[in-house]
Amino acid sequence: MFDSEYLLVVCEKPDAAKRIASALGSVESERFDDVVVYKVSGERGRYVVCAALGHLYTVWDVAEKKSSYPVFDVSWYPLNLVDKGKRRVGNLIKVISSLSKGAKGFVNACDYDIEGETIGYNILRYVCGGKESVALRAKFSTLTLEELREAFAKMSPNSINRLAEAGRARHVVDFLWGVNLTRALTQAYSSKGGYRTLSVGRVQGPTLAFVVERECEIRWFVPTPFWSVSALLEKDGFMFKALYVVDKVERLAEAQAIEAGCRGKEGVVKKVSKQIIRQHPPTPFNLGDLQHEAYRVFGFSPSLTLRVAESLYLKALISYPRTSSQKLPPSIGYHKIFSGLQKLEQYRVDVNDLLTKPLKPFEGEEDDPAHPAIYPTGELPQGLDDRQSRLYDLIVRRFLAVFGEYAVRERVSADVEIGSYLFRVSGRRTIEEGWMKYYRSYVSAEDNPLPLLEEGNRLKVISLDVAERFEQPPPRYNQSSLLAKMEKEGIGTKATRAEIIDTLYQRGYIVGSSIRATDIAFSVIEVMKEYSPSIISTEMTREVERALESIERGVLSVSDVIEKAATHLLTSLQELKVAEEELSSKVREATRASLAAADIIGECPVCKEGYLKIIRSKKSGKRFVGCTNYDGGCRTSAPLPQKGRIKSLNRRCKLCGWPMVAVILTRYPWRICVNPSCPTKKEEGKL
């Protein structure tokens, strides 16, 4: 190791440290207490590059009493002192501290966002002995060697770090809300004996309330019947369907009268209208857009999409994914990226086509001062697994589509009179593909062409149909639509929303890919609404978010924001104390019901009315899957492994639509589809 005269570079993750070291010069790796450190000799000097494992420090209760509340006296502690399972963190702190003593300067090279700034700030402050205000900052959006070298050439000190201040304040506020509410709810439950940990966080509360409110809407919904009337028409051998102009006929007798009045009649085209529609290209991906699109086309959960995107970033294949931006500035180097993609056979034709035109991206309105929208770097991918390959292709094709031309489509509609009743027919066709040809694998637009129709054309009526239908309740949230609701309401951050949804699953508050609130969730939300509505208030949570963002802008101080949040919290805790007895009774009752709900692994793919549930045979003692709609006639069942714990994965098999489960028998659980006839039975693998 160098004796002195080196810059100590602090990175967020080991993969990033290795990449950064390779960009700075000649690299030698050394291992200290099982911690890999990179010694670099480069043109600009000597560096020692080390990496954290995410956060090395966390906010914790100074008194360290695990049950008492309220808690307002908190401080930052090494993670290994709070969580005994994080012993490696202690080794990291020891090694970085030792390296800091011989350094002539320091560089924060963690991810440039609120969490990265917080991680780097804490290491420089606590581990390196108060170097947070004198350290240099390396800012980059990709881990390509070229951009990393440029970032280190342009380093500058960051003496006033409002992003880190906002991040640290967010951690304190979230800890205060989380620890106090968890202890209040847990103590209320335990007041009559027994023990169960219950939690509601600052953003968890409103998010869970969205699900409970939607579930109430569905349960209280009364389906109203209506009837639709349609006609199958034919012209020149081409058959197509026309619908009666009134979408919902309220009485069966009226629908039958329409059908009778049309019987034996010809259709006569009364009016034809055509409209040319120019569809603009899609906007570049920010994190939320990528999560929604990956859920739509692959069924990836938002948290899975983020994990896979981060792995692609660490391989230098895409830019930093935790961004709000929908903009691609010219400074990213369009031609350089296209030249890299041109080397990949699957994109070569599309890239060559785009390079014949001026490269101007179609951008959205959202911006992010730290990073541009997500884009491929043009580096050649190697060793990608299936999920990484699919997400990489989605990102590349979206990037190409952004530079495409408008798609042109024609919409045709015609009014057709049958007897004295008016029907309407509509169709669409693509005239020019434009951007769609670059995004063809993921475009949902379909053509529905019609024969040439002109006023006065007489059409043969092949058949008439009267169908009874029912008004539908609002759909349950899935992970993508719940994420969209959080975005719309302005609660959580781009980096934390997916994690919050995962936490609600882990707490047993929500279940299923079509998200249902459990009985415990109903009990908690009902008591909150009655006694402490601010805990689940979207407006209160949004107000705290705005205050935290004000720290970044230098409008509010950290102490002002924390004090205001603590005042809100104290009022809520006092309200909860009043409701302690009722909360205990309601949650205990819900707990019993939730034990049964925990055996639900997903919707029944056969009857689509019941749920597949883990059942244990009274005779043999063996467990299997059966449908809860057994009394309604559904006999769907499937065998299960008899060893290990079964846990729902809250998603469906991509091939057959049956629920997926994890079988937890060893350290590495098995991921299986419960359908015994599923083709994936030949492809079962470990998570």
Side-chain angles (χ1 to χ4, degrees), residues 185 196-201 204-219 295 299-304 473-483 485-486 497-526 536 586-616 623-629 634 636 638 640 645-653 657-664 669 671-675 687:
L185 291 174
R196 180 186 176 93
T197 300
L198 298 171
S199 69
V200 175
Q204 286 179 38
T207 305
L208 184 58
F210 297 152
V211 179
V212 170
E213 288 166 6
R214 177 61 57 86
E215 192 67 27
C216 288
E217 291 178 41
I218 293 170
R219 292 185 182 185
Y295 185 89
F300 287 0
S301 69
S303 58
L304 173 60
R476 286 188 170 89
Y477 288 109
N478 55 41
Q479 292 193 48
S480 178
S481 59
L482 184 56
L483 185 79
K485 176 69 172 176
M486 296 170 74
R497 291 179 184 122
E499 182 182 343
I500 288 163
I501 295 173
D502 278 352
T503 300
L504 293 178
Y505 275 114
Q506 293 164 9
R507 300 287 187 230
Y509 288 146
I510 60 176
V511 295
S513 53
S514 178
I515 299 174
R516 293 184 297 113
T518 63
D519 289 339
I520 287 182
F522 270 95
S523 298
V524 170
I525 295 300
E526 285 172 8
I536 57 172
K586 285 194 172 185
V587 173
R588 282 175 172 278
E589 181 181 341
T591 300
R592 289 191 290 271
S594 72
L595 292 175
D599 288 334
I600 300 293
I601 62 171
E603 296 85 354
C604 177
V606 178
C607 72
K608 303 187 185 305
E609 295 181 6
Y611 294 89
L612 295 187
K613 180 180 180 180
I614 300 172
I615 301 171
R616 193 170 291 277
R623 62 187 179 187
F624 63 96
V625 167
C627 182
T628 58
N629 191 32
C634 185
T636 302
L640 284 173
R645 183 164 63 92
I646 305 290
K647 182 180 179 181
S648 173
L649 291 174
N650 299 307
R651 59 187 176 88
R652 298 176 182 176
C653 173
W658 281 54
M660 299 284 292
V661 298
V663 182
I664 305 170
R671 178 189 65 199
I672 63 170
C673 171
V674 298
N675 180 6
L687 282 173

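In this text, all values refer to a predicted model and were calculated from it rather than measured experimentally. All residue numbers refer to positions in the sequence shown, counting from 1.
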Q. What's the verdict on side chain to side chain contact (heavy atoms under 4.5 Å, CB included) for V211 and F522, showing C-alpha distance, side-chain angles and the deciding distance?
A. CA-CA 9 Å; V211 179; F522 270 95; over 6 Å; no
Q | Shortest non-hydrogen separation from I218 to P475 and the atoms involved | A | CD1-C, 4.3 Å
Q | For Y295 against S513, the heavy-atom pair lying closest together | A | OH-O, 4.1 Å
Q | Test applied, side chain to side chain contact (heavy atoms under 4.5 Å, CB included); reference residue, R497; option that passes from D502, T207, L482, L483 | A | L483
Q) Any donor-acceptor pair under 3.5 Å linking the side chain of T628 with the backbone of G610? A) no
**Q.** Side chain proximity check, F210 to I536, heavy atoms < 4.5 angstrom
**A.** no
Q.
Quick check: do R214 and I515 have side-chain heavy atoms less than 4.5 Å from each other?
A. no
Q: Taking atom CD of E217 as the centre, report whether more than 12 heavy atoms of other residues, nucleotides or ligands fall under 6.0 Å from it.
A: yes
Q. Donor-acceptor pair, Y505 side chain versus G512 backbone, under 3.5 Å?
A. yes
Q: Can you see which heavy atom on C653 is nearest to which on C673, and at what distance?
A: CB-SG, 3.7 Å
Q | Test: R476 and E215 ion pair at under 4.0 Å | A | yes
Q) Does atom CZ of R623 have more than 12 heavy-atom neighbours, drawn from other residues, nucleotides or ligands, at distances under 6.0 Å? A) yes
**Q.** Main-chain N/O of C627 paired to T636 side chain as donor or acceptor, under 3.5 Å
**A.** no
Q | Closest heavy-atom pair and its distance - A521, L208 | A | CB-CD1, 3.8 Å
Q. Between T518 and I510, is there a donor-acceptor pair closer than 3.5 Å when you use the side chain of the first and the backbone of the second?
A. no
Q: Would you name the heavy atoms of E603 and S514 that are closest together and state the gap between them?
A: OE2-CB, 3.0 Å
Q) In Å, rounded to the nearest 0.5 Å, how long is the span from CG of L640 to CZ of R616? A) 9.5 Å
Q) Tell me, do S523 and I520 make a side-chain contact under 4.5 Å, heavy atoms counted? A) no
Q: Starting at CE of M486, measure out to CD1 of I500 and round the result to the nearest 0.5 Å.
A: 4.0 Å
Q.
If I compare all heavy atoms of R652 with all of M660, which pair ends up nearest, and what's the gap?
A. C-CG, 3.8 Å
(Q) Could you tell me if the side chain of I646 sits less than 4.5 Å from the side chain of V663, heavy atoms only? (A) yes
